[in-house]
*Asks:* 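Sharing a structure here in structure tokens format.
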Amino acid sequence: MRLHSLTITAFGPYAGTQTVDFEALSGAGLFLINGPTGAGKTSVLDAVCFALYGRVPSVRNDAKDLRSQHAPPDRAPEVVLDVTIRGRRFKVTRSPKWERPKRRGQGTTEEKAKVLLQEWRGGAWETWSTRFDEAGQFVTDLLGMSAEQFCQVVLLPQGDFAAFLRAGAEERRGVLEKLFATEVFAQVETWLAERRRESGRAADELRAAAESVADRAAEAAGAARPELTPPALAAWVTELSGHVADLTAVTAAEAADAGAARDAARALLDNARAVAERQERHADALRRSAGLAERAAERTELTGRLRAAERAGRVLPRLQTAAARAARRDEVAAVVTRRRAALGGLLPDDADADLMRKEERARRDELVELAQRREDETRLTAIGAELRTLTDEADDLETREAELALFLTDSPAHRDLLRAQLDQARTRAAALPAADAAVAEATARLEAARRRDFLAASLAEAEAAHRAAVDEAQAARDVVQEIRQARLEGMAASLAKELSEGEPCRVCGSASHPSPAHAEIEGPGEEAEAEAAAAYDAALARREETGNTVTRLSAELDAACDQAGSSPEPELASALAAAEEDLAGLAGAETDIDRIEDELRRVDADFDEARDRHGEIQTALAALQTQHNTLTAEAGRLRDRIDAARGDDPTLEARVRRLDHEAALLRDTAAATEQLRAAAAEAETASDEASAAASAEGFDSSEAARAAALDDPARQELARRVKAYDDEEARVAALLDDPSLRAAAAEPPPDLAALEAALGAAEEHHQSVASARDRFTDRRSRLVTLARELHARAAEWRPAAEHHALAARVAALTSGDPTANRTRMRLSAYVLAARLEQVVAAANERLARMSGTRYSLEHTVDKAAGSRGHGTGGLGLRVIDGWTGRHREPGTLSGGETFITSLSLALGLADVVTAEAGGTEIGTLFVDEGFGTLDEDTLDEVMEVLDGLRDGGRAVGIVSHVAELRTRIPAQLRVAKTRTGSTLTVTT
């Protein structure tokens with residue numbers, strides 16, 4: 001990975017837009033990022049990490065707002081990173097979420113975070129993704145490392161590694177788990193612990209199931225369950241079932257005798273109840289007969305009402321006819337009242353129908369006279385249309401007259417313009433020699449551009465070869481890492497070969513070796529590793545050779561570009577075609593001269609014709625004005641006659657509509673008045689006929705007949721009640737004549753209470769004996785079934801208990817439980833310990849140089865001091881002091897000693913994580929702070945180590961405010977802070 005440029009806008013302390021040219025800084029190999037405390041040096045690294053992963057390192061990622069507080073409210077925060085990863089060039093643009101001012105009204109609104117991932121392809125940026133999850137996963141897969149690994153490998157935060165150096169085993173374990181893919185071993189621990197819990201639960205459930213069966217057996221037998229294992233409980237239940245079988249046989253005989261006595265008592269009670277029921281029916285019939293006698297008057301009254309309703313029904317049709325004709329009379333009277341009210345003041349209130357018809361005829365006669373005035377309105381409308389036509393014609397002529405006047409005014413200027421164009425054409429004819437020279441120059445530039453494009457194609461082939469060499473070097477490095485990993489995995493087998501019975505193991509300290517490791521296939525040796533390293537060196541040489549070729553062709557291409565210019569070949573070809581076209585255009589200048597002279601002659605002829613036409617139009621306008629005045633006078637005369645005819649009405653048509661409406665109203669009112677006189681006579685006749693019919697049926701008046709009348713439902717209800725009386729008399733007579741009822745009534749009443757008490761005692765005794773029999777039968781059946789079930793449960797429990805014991809032992813071993821693991825080292829800690837050994841080995845190579853061979857790190861499997869709990873061994877770190885030969889705790893080191901030790905540890909961890917991530921080539925890395933704690937000699941050693949990191953074209957950036965480094969490192973990125981925000985300046 002190599003950084004090219006970084007652009008920061010409104011991010012962190014940077015209020016404006018700041019650009020970092022990493023190409024210029026990386027050219028020196030080693031560069032310094034310096035500035036005062038709080039200026040924003042680390043924010044540059046934050047911006048790089050944010051562009052790639054959408055987050056910033058360490059606790060700074062917890063900040064809620066990454067936008068600069070110095071920026072204007074409407075400036076959007078943004079980070080743009082131009083970077084090459086595995087030979088492919090990308091541009092990543094990211095914006096965090098931020099609050100911008102609302103475009104309308106007061107307050108702010110949230111802008112969502114955005115991302116744009118692009119790749120340079122075919123001479124343009126091609127969009128890869130705009131989704132956060134997709135872009136982040138793509139970068140992670142391409143780099144081969146997570147955000148946490150990137151922050152540890154590329155940014156080298158010294159404060160974090162000083163804490164890592166002094167941390168306890170569990171804290172160190174947390175950091176290593178984030179950097180190395182050891183989740184599978186932690187998952188194995190979790191899986192085994194879960195298996196222990198699951199097998200324990202399964203064994204407990206099976207034991208509980210067996211004990212539950214035993215509890216049910218004890219409940220069935222009425223005994224207490226003993227505390228025994230499931231097999232012993234099964235034998236105990238079998239013995240109980242034998243005792244219960246003997247009790248079942250005794251109670252069965254007693255239940256049979258009690259059943260016979262109960263049946264005899266029930267037969268006596270049933271017979272007595274039948275006699276009592278017949279006696280009650282005979283007494284009820286006597287009571288119902290007395291009730292009918294008491295209600296005889298009510299029956300007579302119902303019969304009279306029913307006969308009166310039948311006589312009223314014969315009068316009811318004439319009553320209905322009289323009511324209908326009275327309603328018709330009232331309806332017509334209401335119509336007459338409404339229509340007389342509508343007449344208003346046209347007639348007196350007592351006017352009769354004859355007067356109304358006379359007034360109607362008067363209005364009809366006036367309507368005939370008004371019809372003649374409608375012809376005048378039609379003529380007036382036609383005159384209006386003629387006047388509008390004359391006006392339109394006059395407007396057209398006036399428009400044409402104005403156009404001709406304008407032409408006559410502007411024509412001299414047009415003639416002057418043509419004369420100017422004639423002069424220009426004559427000038428172009430004189431420019432033909434200069435056009436010939438322009439064509440020659442364009443031809444020369446086009447040939448130079450073709451040479452430039454040939455060199456560009458050659459450079460592209462060379463760059464492709466260089467990328468292939470880079471990939472080959474990466475593959476060779478992967479082979480080296482794989483061989484080293486294979487040798488590491490074979491270490492257990494190698495150590496096992498050195499074990500001797502009775503001699504303590506160097507790893508666990510045990511003198512017993514029950515199952516030493518064996519290697520199925522012998523791992524690669526040192527010779528294989530040396531051959532792989534030689535292949536990697538050769539690949540590096542080819543990569544450097546192809547890189548030199550790219551540099552040479554690039555220089556030649558620059559020279560060709562200076563000669564040909566920056567325009568592409570199609571553009572230069574277009575320029576040549578344009579020059580040739582200009583030359584061809586100049587060649588036609590003499591033809592243009594002849595054309596313009598002809599145009600001048602045509603303009604003079606058009607001027608003479610327009611002047612004649614202008615006079616003709618003015619004469620036509622005068623004739624139109626005379627015709628317009630004549631029609632206007634005629635329209636005035638017609639309008640006067642129409643106004644006299646309409647009277648007080650607004651228009652002639654309005655007067656016609658009013659008279660027609662009044663004539664119709666008078667006609668309808670006269671007709672309604674005549675209808676009212678006829679309806680009143682009919683209503684009086686119908687009323688007299690209804691009174692006569694009521695008298696004939698024996699009623700005093702029509703109202704009495706109407707009151708006696710009943711509708712069909714009421715008449716049917718009266719008939720139903722009369723029939724109910726008849727039916728009840730028939731039923732009561734039948735009961736009193738029944739011989740069985742008369743015989744029962746003659747007998748004495750039976751003693752039902754005594755018979756029911758005797759039956760209850762017999763049933764209670766039978767139920768008690770039968771219940772005892774059923775209980776013993778059920779207990780015996782349940783005990784037999786439960787005994788079989790308990791034997792099956794005991795058989796299931798035994799293998800589950802044995803499986804749980806095995807799972808518990810294995811889980812205790814992998815979790816570092818001291819009861820099964822003497823080293824108290826968890827499985828995941830054991831794997832991380834192997835990675836930590838690699839880190840320590842890589843760190844000691846640099847620590848020896850920076851400390852003058854005094855210090856080295858040592859990995860220990862001992863439990864750290866003060867650590868609590870199980871499984872924390874295997875991740876200890878100690879410092880060996882070569883001058884004293886003693887071990888020291890990291891916390892006893894001075895500030896400068898802690899810096900060089902943690903820096904060595906960071907670089908070693910970077911090497912191991914890089915190899916773990918697939919050998920990703922890191923072209924640019926940063927070392928963050930800590931140099932202020934070093935003395936001059938140690939600083940020299942540290943700078944020499946950092947300078948060595950540049951091997952293979954890698955660029956190293958140091959983040960520090962130490963003044964001495966500014967004199968040692970000329971290539972610098974300077975950070976300045978002000979009240980309005982920080983700025984960046986690149987110096988080389």
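Index from 1, following the sequence.
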*Asks:* What pair of heavy atoms forms the shortest contact from His766 to Ala255, and how long is it?
*Replies:* CD2-O, 3.4 Å
*Asks:* Please find the pair of heavy atoms, one from His804 and one from Ser199, that lie closest to each other, and give the distance.
*Replies:* ND1-OG, 3.1 Å
*Asks:* Sub-3.5 Å donor-acceptor pair from the side chain of Ser771 to the main-chain atoms of Ser768, do we have one?
*Replies:* no
*Asks:* Can a salt bridge be assigned to the pair Asp270 and Arg266 using a cut-off of 4.0 Å between side-chain N and carboxylate O?
*Replies:* no
*Asks:* Side chains of Thr321 and Arg325: closer than 4.5 Å at any heavy-atom pair?
*Replies:* yes
*Asks:* Are the charged groups of Asp727 and Lys723 less than 4.0 angstrom apart, N to O?
*Replies:* yes
*Asks:* At their closest point, which heavy atom of Val332 faces which heavy atom of Ala672, and how far apart are they?
*Replies:* CG1-O, 3.7 Å
*Asks:* Assess whether atom CD of Glu99 is packed by more than 12 heavy atoms of other residues, nucleotides or ligands within 6.0 Å.
*Replies:* yes
*Asks:* Within this structure, what is the CH2-CD distance for the pair Trp191 and Glu198, rounded to the nearest 0.5 Å?
*Replies:* 8.5 Å
*Asks:* What do the steps show when you test Arg357 against Leu666 for side chain to side chain contact (heavy atoms under 4.5 Å, CB included), and what is the final call?
*Replies:* CA-CA 7 Å; Arg357 298 211 182 266; Leu666 288 167; over 6 Å; no
*Asks:* Is Arg281 atom CZ crowded by more than 12 heavy atoms from other residues, nucleotides or ligands, each under 6.0 Å away?
*Replies:* no
*Asks:* Could you go through the side chain to side chain contact (heavy atoms under 4.5 Å, CB included) check for His282 and Arg742 one step at a time?
*Replies:* CA-CA 7 Å; His282 187 269; Arg742 287 200 303 271; 4.1 Å; yes
*Asks:* Do Glu763 and Arg262 have side chains that approach each other closer than 4.5 Å (heavy atoms only, starting at C-beta)?
*Replies:* yes
*Asks:* So how far is it from Glu703 CD to Ser691 OG, rounded to the nearest 0.5 Å?
*Replies:* 7.5 Å
*Asks:* Apply salt bridge (Lys or Arg N to Asp or Glu O under 4.0 Å) to the pair Glu682 and Arg329, showing each step before the final yes or no.
*Replies:* CA-CA 8 Å; Glu682 291 176 356; Arg329 177 198 61 203; over 6 Å; no
*Asks:* Mind checking salt bridge (charged side-chain N to carboxylate O under 4.0 Å, His left out) for Glu194 and listing every partner two or more places apart, or none if nothing turns up?
*Replies:* Arg197, Arg201
*Asks:* Taking atom CG of Asp737 as the centre, does the number of heavy atoms from other residues, nucleotides or ligands within less than 6.0 Å exceed 12?
*Replies:* yes
*Asks:* For residues 788-802, tabulate all N or O donor-acceptor pairs below 3.5 Å that involve a side-chain atom, not counting sequence neighbours.
*Replies:*
residue: Glu789; atom: OE2; partner: Arg216; partner atom: NH2; Å: 3.3

*Asks:* Starting at NZ of Lys102, measure out to OG1 of Thr108 and round the result to the nearest 0.5 Å.
*Replies:* 7.0 Å
*Asks:* How close do Glu756 and Leu269 get, heavy atom to heavy atom, and via which atoms?
*Replies:* CG-CD1, 3.5 Å
*Asks:* Charged N to carboxylate O under 4.0 angstrom, Arg658 versus Glu662?
*Replies:* yes
*Asks:* Say whether, by atom type as modelled, one donor and one acceptor occur between the side chain of Ser212 and the main chain of Ala208 under 3.5 angstrom.
*Replies:* no
*Asks:* Can you tell if the side chain of Val115 reaches within under 4.5 Å of the side chain of Arg131, non-hydrogen atoms only?
*Replies:* no
*Asks:* Check the pair Asp660, Arg364 against salt bridge (Lys or Arg N to Asp or Glu O under 4.0 Å), reporting the backbone distance first and the verdict last.
*Replies:* CA-CA 7 Å; Asp660 184 67; Arg364 298 293 182 189; 3.2 Å; yes
*Asks:* Does atom CZ of Arg655 have more than 12 heavy-atom neighbours, drawn from other residues, nucleotides or ligands, at distances under 6.0 Å?
*Replies:* yes
*Asks:* Just how far is it from atom CZ of Arg100 to atom OG1 of Thr109, taken to the nearest 0.5 Å?
*Replies:* 5.5 Å
*Asks:* Taking the basic N atoms (NZ, or NE/NH1/NH2) and the acidic carboxylate oxygens, is any pair closer than 4.0 Å for Glu674 and Arg677?
*Replies:* no
*Asks:* What do the steps show when you test Glu254 against Asp257 for side chain to side chain contact (heavy atoms under 4.5 Å, CB included), and what is the final call?
*Replies:* CA-CA 6 Å; Glu254 294 179 359; Asp257 295 339; 6.0 Å; no
*Asks:* Quick one: does any side-chain atom of Ser781 pair with a main-chain N or O of Thr777 as donor and acceptor, under 3.5 Å?
*Replies:* no
*Asks:* Would you say that more than 12 heavy atoms from the other residues, nucleotides or ligands in this model lie under 6.0 Å from the CZ of Arg196, or not?
*Replies:* yes
*Asks:* Nearest heavy-atom pair of Val336 and Thr673: which atoms, and what distance?
*Replies:* CG2-N, 3.8 Å
*Asks:* Out of curiosity, Arg667 CZ to Leu665 CG, how far, rounded to the nearest 0.5 Å?
*Replies:* 9.5 Å
*Asks:* Do other residues, nucleotides or ligands put more than 12 heavy atoms under 6.0 Å from Glu764 CD?
*Replies:* no
*Asks:* Using the salt bridge (Lys or Arg N to Asp or Glu O under 4.0 Å) rule, take Glu110 and Lys112 through it: C-alpha gap first, then chi angles, then the decisive distance, then the call.
*Replies:* CA-CA 6 Å; Glu110 182 179 273; Lys112 302 298 183 182; 3.0 Å; yes
*Asks:* To the nearest 0.5 Å, tell me how far Arg338 CZ sits from Asp668 CG.
*Replies:* 12.0 Å
*Asks:* With a 6.0 Å cut-off (strictly less than), is the heavy-atom count around CZ of Arg287, excluding the residue itself, greater than 12?
*Replies:* yes
*Asks:* Evaluate Lys114 against Lys97 for side chain to side chain contact (heavy atoms under 4.5 Å, CB included), listing each step before the verdict.
*Replies:* CA-CA 8 Å; Lys114 300 176 182 178; Lys97 67 177 182 180; over 6 Å; no
*Asks:* Looking at every heavy atom in both Leu741 and Leu735, which two are closest together, and how far apart are they?
*Replies:* CD1-O, 3.7 Å
